[in-house]
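See structure below.
Chain letters run A, B, ... following the sequence lines, proteins first, then strands; residues in each count from 1.
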Amino acid sequence: MESSAEGTAAALDIECENCGAELVVEAYLKTVECPYCTSHSIVERPPTTGREEPTFGLAFQVEAERARAAVERWLKSRGLFAHSGLKAATLETVRGVVVPAYLYGVVAEADCLASFCEDSAATERYTDSKGRRRSRRRTKTEWRDLSGSYARYVVDVLVTASRGIPNAELEAVEPFDLRGLRRYAPAMLSGWIAEEPSLPREGCRREAHAETIERMGRWLEEFMPGDSHRDLAYECEVRDELIDLVLLPLWVFAARYDPAKPPVRVLLNGQTGAIAGKVPLSPVKIAVAVTLGLSIALAAAFAFLSARGMS
Amino acid sequence: MTAAAISHCARCDSPLERGDLRCAICAEVVPSSSGKAHALEVQLLRCDGCGAAVTFDAKLQGLSCAFCDSLMHLEVLTDPVEQTESWVPFTVPQEEAHAALKAWLSRLGWFRPSDLSARARIEALRPLWWVAWTFDATVRVSWAADSDAGSGRSNWAPHSGQVELHFDDIPVSASRGLTDDETQELAPFYDLATAKSAPDELEGATFETFDVQRSAARRRILKEVKRASRERVQQAHIPGSSYRNVHVSPLLRGLETHRYSLPAYVMAYRYNGELYRAVVCGQDAGCVTGKAPYSLMKILLVAGVALALGLAVARVILAQ
């Protein structure tokens with residue numbers, strides 16, 4: 001078990017109920033495994049410490065061996081420019097972590113204003129340079145301003161509540177199938193590493209709100225009539241906010257591809273099996289490719305110039 | 001009232017059914033029925049079978065004991081296969097349905113095979129209950145479209161609006177046996193107020209059952225709400241006489257769904273190896289729908305005669 005400086009302050013000493021051994025539960029964790037008898041204990045802290053009880057949880061569906069095999073396959077197929085060490089990378093610290101996140105939903109109403117272009121085909125008569133009467137088809141466009149309102153439910157916006165997993169990393173392995181939600185029961189954490197939410201709820205709410213506004217913008221783009229539109233401006237109001245703490249299953253891998261470099265983190269969605277991670281590129285491969293490309297271009301330019309010079 | 005409803009969503013007033021963890025419309029969390037203890041608690045999970053410690057197993061989707069393999073279960077979102085709540089009774093007796101079908105077959109027209117009435121066995125007309133949902137809802141629909149109203153020199157002008165719509169007893173077919181065309185023909189002829197809690201006893205009747213789970217049914221109904229909203233907006237709210245690029249965004253309140261079994265008489269018959277079917281509404285003998293074969297001979301004959309006539313006319317004209 002890793003220890004953290006700030007964690008020990010609020011860490012909890014408990015006694016393993018199975019064998020009586022003394023166990024320390026770090027402040028950011030909800031579970032602990034007894035090293036002597038492999039019993040799993042789950043800690044439910046009182047709400048007075050400012051901790052929030054999760055509402056729902058999603059269960060792991062991908063087992064450890066399947067997750068490991070999938071990540072190994074994934075590392076081997078990272079494309080031409082990936083660091084060559086990835087193919088032989090060793091997977092260190094494979095962990096199934098139950099990560100806290102907020103599930104957010106609102107009724108969103110937007111007032112929007114845009115300019116719409118409507119095309120129309122018209123036949124135009126004209127006299128050409130030789131004095132003949134001619135006609136031609138031309139597309140005419142007309143621009144009009146229109147304002148309107150748009151309302152809908154925005155549900156199932158997920159944002160991370162863990163300092164350890166940034167939102168962008170979580171988004172990379174989304175979506176989760178939320179039909180599989182279960183009401184939180186401490187039992188579902190048994191045997192997994194479970195984190196307490198480490199980001200403040202208000203900050204997460206703001207992040208989810210921002211994501212909602214951005215989604216509304218995308219939906220509004222699709223909602224617009226006309227052949228085309230421009231200058232779409234919208235103001236979005238939300239009401240009836242829902243924000244619930246949920247626990248998400250993630251497999252976290254550290255892949256060491258180079259003994260001299262820190263390992264790269266790969267996440268696997270413990271429910272759907274989606275994989276994401278920041279792939280290290282090989283500077284040597286890129287340099288070779290760039291040099292090769294440049295020399296081909298130079299050779300072609302030279303050949304072209306000398307051919308012109310000869311003629 | 002939806003029979004299976006246990007309470008209503010605090011936010012959008014849609015009924016919540018047993019096993020729902022969240023509202024299907026607006027995602028509001030359904031409060032847990034059991035209160036939670038808020039004391040510092042350390043739990044050790046032990047297998048009920050042998051007393052060993054247990055872990056949540058991804059493969060078994062439950063808590064499993066490594067020593068004796070027994071399984072413990074967690075509260076899971078239940079997603080039952082739906083069942084009929086109400087049965088609309090047959091009001092058309094079998095003989096009347098026979099007569100209606102015979103009349104329909106004879107009305108089909110001259111292009112049908114002459115021996116169709118004789119070879120289609122009307123005795124094979126069987127009573128059947130097909131399944132459908134109906135929904136009631138209040139929907140605030142935001143819409144946007146191009147219409148010819150106020151279009152000036154171009155063909156189209158953009159329009160948008162928001163309108164509150166009420167839907168009552170809008171049928172949505174859940175039948176796999178009947179096609180959507182057939183169910184749309186039949187649906188307006190039923191009087192849902194006559195529905196009973198049990199089917200009539202009828203000899204040889206076929207009972208179709210709902211075969212989708214609740215979550216799939218809800219998706220289907222939401223799609224239908226959107227389609228119905230679009231239709232209503234197109235009929236009544238877009239100005240002008242023609243339109244395009246119609247977009248709708250429904251904001252639902254109080255969506256209630258009911259599950260019905262609806263009566264019909266069905267006759268499936270083969271003609272020259274092809275399967276055809278005719279359906280008579282079980283509550284109105286005036287509604288008969290279905291498919292029937294065409295007679296290729298007759299069509300060719302008419303086409304031949306028409307061609308010959310055309311040629312003759314052309315010759316007369318050219319000769320002048």
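- Residues B:Arg22 and A:Leu103 share a closest heavy-atom pair of NH1-CD2, 3.4 Å.
- Residue B:His247 comes nearest to A:Glu222 through the heavy atom pair CE1-O, 3.2 Å, listed as atom of the first residue, atom of the second, then distance.
- Proximity to chain A is absent for every atom of B:Val141, based on heavy atoms less than 4.5 angstrom apart.
- In this structure, the separation between CG on A:Asp227 and CG on B:Asn245 is 7.0 Å, given to the nearest 0.5 Å.
- Environment of CZ in B:Arg176: sparse, with no more than 12 heavy atoms of neighbouring residues, nucleotides or ligands closer than 6.0 Å.
- In plain terms, the two heavy atoms of A:Ser147 and B:Ser160 that are nearest each other are O-OG, 3.5 Å.
- Between A:Arg152 and B:Ser142 there is no side-chain heavy-atom pair separated by less than 4.5 Å.
- Distance OH/A:Tyr153 to OG/B:Ser249: 11.0 Å, rounded to 0.5 Å.
- Both the backbone and the side chain of B:Ala144 have a heavy atom closer than 4.5 Å to some heavy atom of chain A.
- Within a 6.0 Å radius of CD in B:Glu164, more than 12 heavy atoms belonging to other residues, nucleotides or ligands are found.
- One N or O on the side chain of A:Glu142 and one on the backbone of B:Ser154 form a donor-acceptor pair closer than 3.5 Å.
- Considering every non-hydrogen atom in both B:Arg140 and A:Glu109, the closest pair reads NH2-OE2, 3.1 Å.
- Against chain B, the residues from residues 240-249 of chain A that qualify, each with a non-hydrogen atom under 4.5 angstrom away, are A:Asp240, A:Leu242, A:Asp244 in number order.
- Interface residue B:Glu28: backbone and side-chain heavy atoms are both found under 4.5 Å from chain A.
- Of all the listed residues (A:Asp119, A:Val155, A:Leu146, A:Asp156), the one sharing the greatest number of non-hydrogen pairs under 4.5 Å with chain B is A:Leu146.
- Remark: A:Phe223 CZ to B:Trp143 CH2 distance equals 9.0 Å, nearest 0.5 Å.
- Counting heavy-atom pairs under 4.5 Å between each of B:Gly161, B:Ala27, B:Ala157 and chain A puts B:Ala157 at the top.
- Here the straight-line distance linking atom OH of A:Tyr150 with atom CG of B:Leu251 works out to 10.5 Å at 0.5 Å rounding.
- Along residues 216-242 of chain B, the residues that come nearer than 4.5 angstrom to chain A, judged on non-hydrogen atoms, are B:Arg219 in order of number.
- Counting heavy-atom pairs closer than 4.5 Å to chain B, the top-ranked of the candidates A:Gly105, A:Ala151, A:Gly148 is A:Ala151.
- For B:Gln213, the CD atom counts as densely surrounded, since its 6.0 Å shell holds more than 12 non-hydrogen atoms of other residues, nucleotides or ligands.
- The choice from B:Asn155, B:Val29, B:Val246 that makes the most heavy-atom pairs within less than 4.5 Å of chain A is B:Val29.
- Neither the backbone nor the side chain of A:Val154 comes within contact range of chain B, judged by heavy atoms closer than 4.5 Å.
- Here B:Asp146 does not pair with A:Arg144 in a salt bridge; the nearest charged N to carboxylate O distance is not below 4.0 Å.
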